Amino acid sequence: MFTFLLDLGRCIGCQGCVAACKTGNELPVGAQYIQISEKTTGSFPDVTSRVTNKRCLHCLDAACVTVCPTGALYKEDGLTRLDRTKCSGCTYCVDACPFGVPKMYEERSSKCDGCAAVVKAGGEPWCVKTCPSNALMYGEREEILAEAKTRLATLQKRYPNARLYGETEAGGLGVIMVLPDEPGAFDLPTNPQLPLSVTAWQKVVQPVSLAMTGLSIAVTGVAAVIARRNHVQEVKRLHLLAEAELVEAEAVVDSGQSDSNQSDSNQSDSETVEREERAA
Amino acid sequence: MARANLQITRRTFIKSALATGGSLALAGSLPAAATAAAGEGVDLSPNWFYGGEIKQTYNCCSMCPWSCGLIATSVNGRVYKVDGNPADPKSRGMLCARGQGSVSFMYDPDRLQAPMRRTGERGEGKFEEIDWTAALDEAGAKLKAIADEYGPESVAIFGHTAGDFWFTDYLAQAWGTPNAGKPSASLCTNPREEAARLVYGTAVGGHEPLDWDGPEGAEDGGLQCLVLIGSHIGEDARNTVMQDFANLWARGGKVIVVDPRMSTVASKADYWLPIKPGTDTALLLAWMNVLISEGRYDVDYVAEWTTGFDELKTHVQEFTPEWAAAITDLPAEKIIETARVMADNLPRTAIMPGRHVTWYGNDTQRMRAIFMINALLGAYGREGGIYFNKSPYIESYPHPPFAVTGSAGGCCAEPGEESDELPLGPTGKARADGARNSFLRGATALQELIEPMIGGEPYPIKGLIVYGVNLLHSLPNPERTKAALKALDFVLVIDVLPQEHVAWADMVFPEATSLERYDDLWTLPHKTPYIALREPAVEPLYETKPGWWMARELGLRLGLEKYFKWETAEEFINERLLSIGSNLEKLRAAKGIITQNGKPYLADYGNSSPFPTHSGKIEFYSEELALTGHDPLPVYEPVEEPPAGYFRLLYGRHPVHTFAKTQNTPLLSELYRENDLWLNEDAAAAAGLANGDYVMVENQDGVQSGPVRVKATPRIRSDAVFMAHGFGQQSKGLTNAYGKGASDAQLISRYKLDPLSGGAGLRVNFVKITPATAPTAAVSNWDDAVAVQSKIKREA
C-alpha cells in the first residue's frame, strides 16, 4: 500500500513539484495537480507566514470514490486513481472532497493519480523525484509513517506544536503530512469529514434503501408463494365440496325410484336439477 | 491500451532509465502513444514514454547560471522530461521549477527561428529572414570593418547563459577585445569577489563554499548556524542551496535572516531582523563590536591566521549595538543576542556571501565586513564552516596565444587571475570601462561601457555583440542603453527569444537551446571539483545553430583561423579531456561527471598558507586600500533616504523565474504570470489601496512602469516596496510576457558606482504609486511587432 510523505517544515514553496508534475504528465494550460500558496498572520514585525501546499491526499476512505457513479475514481495500491475516460462530468467528486481537490478540466474531473503510469513503468512520482528540499517521499505506508515520526520528533524541538496529519484524519490519508503547526495554519481542515449530505446519502440512505428494496422484494416473493399456496388449496377445497354434493345427489336420485315416494321423487328431481345448476 | 504485456518488457529498462538515468535503447517495439480527441474524456495520464525508443543524454541546466547536471529524456526526437543527474554534485538528482521548465522553454512557440537582417529603423523591430551564409558574411564584414578602422577593442561583447564562453572568453580573447564581460560581474558579484580577494586572497567563485554537510562521512559535522544578509533562499531558488538549507533547518540549525522583507526563508528563521534598507554595514560593525568586546571570537584562529586584528578592535569600539540600533531600526538586544548565537556555534557558523550584492555603491566594504566576521568566527577552512574551493584540473583547448588575455570574468571567474596591469588589445588599448580610474579593480563593468558607445571616451566603442543577455532588463537606465544602441555602427544580437533588445539589432542570430547543442565542458571550483558533459538531446529546432558554431564561423571571417582549427565542439571537448586521460566516450560512460579531490580544509594545505594575500593571512586591515585612498577598514556610510511620499524600490527573485529570461516560458508563465508590488499593509491602507488593486509606479526621475498588482502584506517594512525582477516586458513578440506587471529595470534609471569594484548599486531609486485600472488581457502577435518577410521555407 503506497503512501506519500509531505513535510511542510522542509517545503519552501519552490514549486519544483508543480513544474515536474505538469511536465511529466504533459498537463495542458489550466490543469495543475498541486497548488502552492502562503498563509500569513500577524502584523509587522510580528508576522507568521507559512507555505501552503494543496494536493490530492489520497484518502484511504475516499469521498470521491464513494460518490463516483461511474467508477472513474477508484482505489488502487492505497492511492486514489482517476480514469478520466470514464468520467461523466457529474461533479459529485468536486462537492464531496473535504479538501477541495478535484478540479473540472474540459468538463471532466482532474486530479493527481499518484503517477500510476510512471510508477508502473518503474519510475517514481515526478514530484518526489525532483523536490530539492527532500520534503516529499513515496513508499510503503509503514516506512512512510516511521519516517514521518522521526522527522516530527526533531521538528518538535523547533516547533512544539508540530504534529502529523493523515494517520487518522478522514479515516487515514494516503499522504502523511508533517505539520510545523496546527492544520488551520496551512489552510487544512482540523477534522476533515465527508459532507453530511454525502455521508447521509451514501452511508445511510443508499444502503438503507437498497436494503429496504431487497427486503420488499423478498417479502413480495414470500407473499407470492403463500398466496399461491392458499389459492391452490382453496380451489382443491371447492372441488372436493362439489364432488361430495354430487355423490349425495346421486344417492338421493337412486333412492327416489318406488310409488310411495313419487311425489317426493318428483320434488327430489327438481331439487337435484336446481343444485346442479347452482354448482355450475 | 494493452498494458499487461507491456509491463514485462518495459519495466526493467524504464526503471533504470527513469529512476537512475543512463543511455538506453529499447529492444523491441512499443505501441504508438495513445491519443484521444480533446473533450472526449481526455486521459491526462502520461503516455509519452510508451511512444518509442527512449533516449537519455547528459547536460547542465541552462535555466539559470547555477548549471545543475541533468539527464534529458527524449522519445522520437522530442524532449519530454529533464531530471537531475544523481551523479552531479550540484543537482544530486533533483531540479527546481526553472529546471523542470527547460522543456517548455525549448518548445516556446515564440522562439527565434532563422537569421534576420534589420529592414526598418533600430528599435522598430522590422526584419527579413536571410540564410546563414549571408548573415555570417555580412556580420563578419561589419565587425571586421570596425576592427580595421578602430581596432577590435572597439567592439564590445556582452554575454551570459550556458554558451557565453565562446563569445566573452574564446572569441573575445582570440580577436583582441578586452571589452567583453557578463552582467553577473558588475551587476551582481563584483563587490563580493573583490572583497574576498582583499580579505582572504581569492574570489568566492561560482559556488558559495559553505560547509553544510561537514567532512565526508561525518554524521554531525556540518554547518550549525547560517546568517543571511538579504539572501532569499527558496525564492532565489538555487537547487543545491535549497537542498542544503532544508537539511540544515530540519536538523535544527540556527538561522538568522537580515532583510527588510520577510522572505520565505525569513519565515522559517529563528531570527528575522527587518533591517532598514541601506544600513547593513552598521549592523555588521556592531556584531564585530559584540564579538570582540565580549571575547566571543575564535581567539586562537585569529592569532594564527589573521593580521590587523588590533586595528580592527580599535576601529569597532565605537560601533556599539546601541549606536547600530538607532541606525538600523533594530532593537539593540536583538543585535547582541544574534551575535551571541553566531558565536555559540563557531566555527560552524557562516554568513552566506550572497550573490547579487550590488545594492548601494558601497558594497565592497559591506562584503569585507561580512568576510571579516566569518574570519573572527574562525570559519575559513574549518570543518562545518567555510571550505576552500578548488578548480578541477583540466587543460584549456591548446590554442595559440590570445591577442588579449584575461578572462571576462563574472561570477565564475577563476580565482587569482586578476593582475595589477590591465591587459591591452592589439592596438594598445585597455578596457574602456574605467577600471583603475573610476573603480579600483574587478571584472568588466558592462554598464560602464555604455557611455563610450555614446560619447566616445576614453575611446569609441562602435560595435556590440549581445549573446544571451536581456540587455534592456539587465543594465540600469535602459533609456541610456537605447541611446547607445542608436549610436553604434553595428549591433549583433544572438538569442533564443525575441527579447526587447532584439528589435534594436542590425543582425539577429537565432541560437539553439542548450538541449539542442554541445557546450564547452562545465568546470567549477568546488569542494568536490568536477567536470560535466553538456551534449545535445535532439537536433536544433528550426534554422537555429549552436553558439560554438556561430563563434567559429565569425572567427573564420575575422581572420582568426588559427584559433578555430577545431571544426566541431566535440573535437574541442575531446581535446581538453585528453589532457586528463579521458575522452567523450569515457565521460559519457561515467554518467557525464568526472570528480576530482578537493582541498577544502586548512589541514589540506600542510605548511603552506591557503590564503594568497600579500601577507599569506586573512587581512582585516587592507594596505592596498589605504594606499589607494580608500578606507582600510569598513565604515558605515549612510545612504540617501526616500523623499516623503516615496518608497525605496527593492527587487528580488521569484521561485519559478530566472532574471528576465523565463517570463515567456509557457509553463513558468502559467505559474506566475505577472509580478506583485509588495507593499506594507498599513501603508497600503493609508493610500486607500487593497490587496489586488493595480497601481502605476513612478520613480524620482519621472520614469513610470506598470500597471502592477498590489500585494498588501505585513511582510515588509513601510519604507520600501519589493517586486520580482524581470517583468513589465515590452516585446510584442513575447506572447506570454508582453505587458505583464512592472519592470524594475525600467525604474532603475540611476545607479551608484562602487569605487572599489565597479559594481552598480541598483537599490538607489525611489518610487511613488498611484492607482491605475487593471490591464485588459494584452494580446500580442509576433507578426504585428516584428514584420518578417520570410525567405526561408518554414516547417509548418
Side-chain angles (χ1 to χ4, degrees), chain A residues 7 9-10 12-20 22-32 38 40-51 82-87 105-108 110 113 115-118 120-124 126 129-135 151 154-155 157-158, chain B residues 3 7 10-12 14-16 18-19 36 38-39 41-49 81 83-84 93-97 100-101 103-104 233-234 237 239 242-243 245-247 249-252 262 264-265 267-268 272 274 655-656 666-668 670-671 680-682 713-718:
Chain A
D7 184 342
R10 280 177 171 261
I12 203 162
C14 78
Q15 300 200 49
C17 55
V18 181
K22 273 187 72 83
T23 306
N25 289 308
E26 292 189 288
L27 296 186
V29 176
Q32 196 171 325
E38 83 175 75
T40 299
T41 54
S43 49
F44 179 86
D46 301 309
V47 182
T48 303
S49 190
R50 306 275 189 214
V51 175
L82 166 59
D83 181 352
R84 281 183 104 238
T85 58
K86 292 191 180 141
C87 173
Y105 175 78
E106 289 187 351
E107 295 169 14
R108 301 280 189 281
S110 79
D113 77 341
C115 270
V118 177
K120 282 180 184 139
E124 59 176 337
W126 299 120
K129 189 174 168 73
T130 211
C131 177
S133 299
N134 199 20
R151 291 185 182 211
T154 316
L155 187 61
K157 295 180 196 160
R158 190 187 280 280
Chain B
R3 285 182 194 243
Q7 278 177 2
R10 235 187 25 257
R11 193 175 194 87
T12 42
I14 285 190
K15 187 183 174 69
S16 48
L18 291 178
V42 175
D43 186 0
L44 287 182
S45 48
N47 52 25
W48 53 267
F49 42 85
K81 191 75 173 60
D83 297 289
M94 297 165 259
L95 288 179
C96 74
Q100 290 294 345
V103 176
S104 182
I233 297 171
N239 188 355
M242 291 198 291
Q243 295 177 29
F245 174 80
N247 292 336
W249 186 90
R251 66 173 180 261
M262 178 186 253
T264 314
V265 70
S267 75
K268 292 182 182 289
W272 171 42
V656 309
L667 169 57
L668 302 174
E670 187 187 347
L671 298 183
N680 176 276
E681 59 185 5
D682 296 326
T713 174
R715 287 172 64 181
I716 190 169
R717 294 175 57 93
S718 306

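Naming convention: chains lettered A, B, ... in sequence-line order (proteins, then strands); numbering from 1 in each chain. Computed over heavy atoms, backbone and side chain alike; hydrogens, waters and symmetry mates excluded. Source: prediction; values computed, not measured.
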Quiz item: Please walk me through it: do A:L155 and B:W249 pass side chain to side chain contact (heavy atoms under 4.5 Å, CB included)?
Solution: CA-CA 9 Å; A:L155 187 61; B:W249 186 90; 3.7 Å; yes
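Interface remark: of the candidates B:K268, B:R251, B:M242, B:K268 forms the most heavy-atom pairs closer than 4.5 Å to chain A.
A:T154 and B:A250 make their closest contact through CG2-O, 3.3 Å (heavy atoms, listed as atom of the first residue, atom of the second, distance). Among all heavy-atom pairs drawn from A:G30 and B:E670, the shortest one is N-OE2, 2.8 Å. Across all their heavy atoms, B:Q100 and A:G16 have their closest contact at CG-O, 4.0 Å. In plain terms, the two heavy atoms of B:R715 and A:S49 that are nearest each other are NH1-OG, 3.2 Å. Smallest separation of non-hydrogen atoms from B:A246 and A:R10: CB-NH1, 3.6 Å. When all heavy atoms of A:I12 and B:T264 are compared, the closest pair comes out as O-CG2, 3.5 Å.
A 4.5 Å side-chain heavy-atom check between B:L671 and A:Q32 finds at least one atom pair inside the cut-off.
Contacts of B:L667 with chain A are made by side-chain atoms alone, with heavy-atom separations under 4.5 Å and no backbone atom involved.
Using a 30° and 60° split on the angle between ring planes, A:W126 and B:W48 fall in the parallel class, below 30°.
Put simply, CG on B:N680 and CZ on A:F44 are 7.0 Å apart, with the number rounded to the nearest 0.5 Å.
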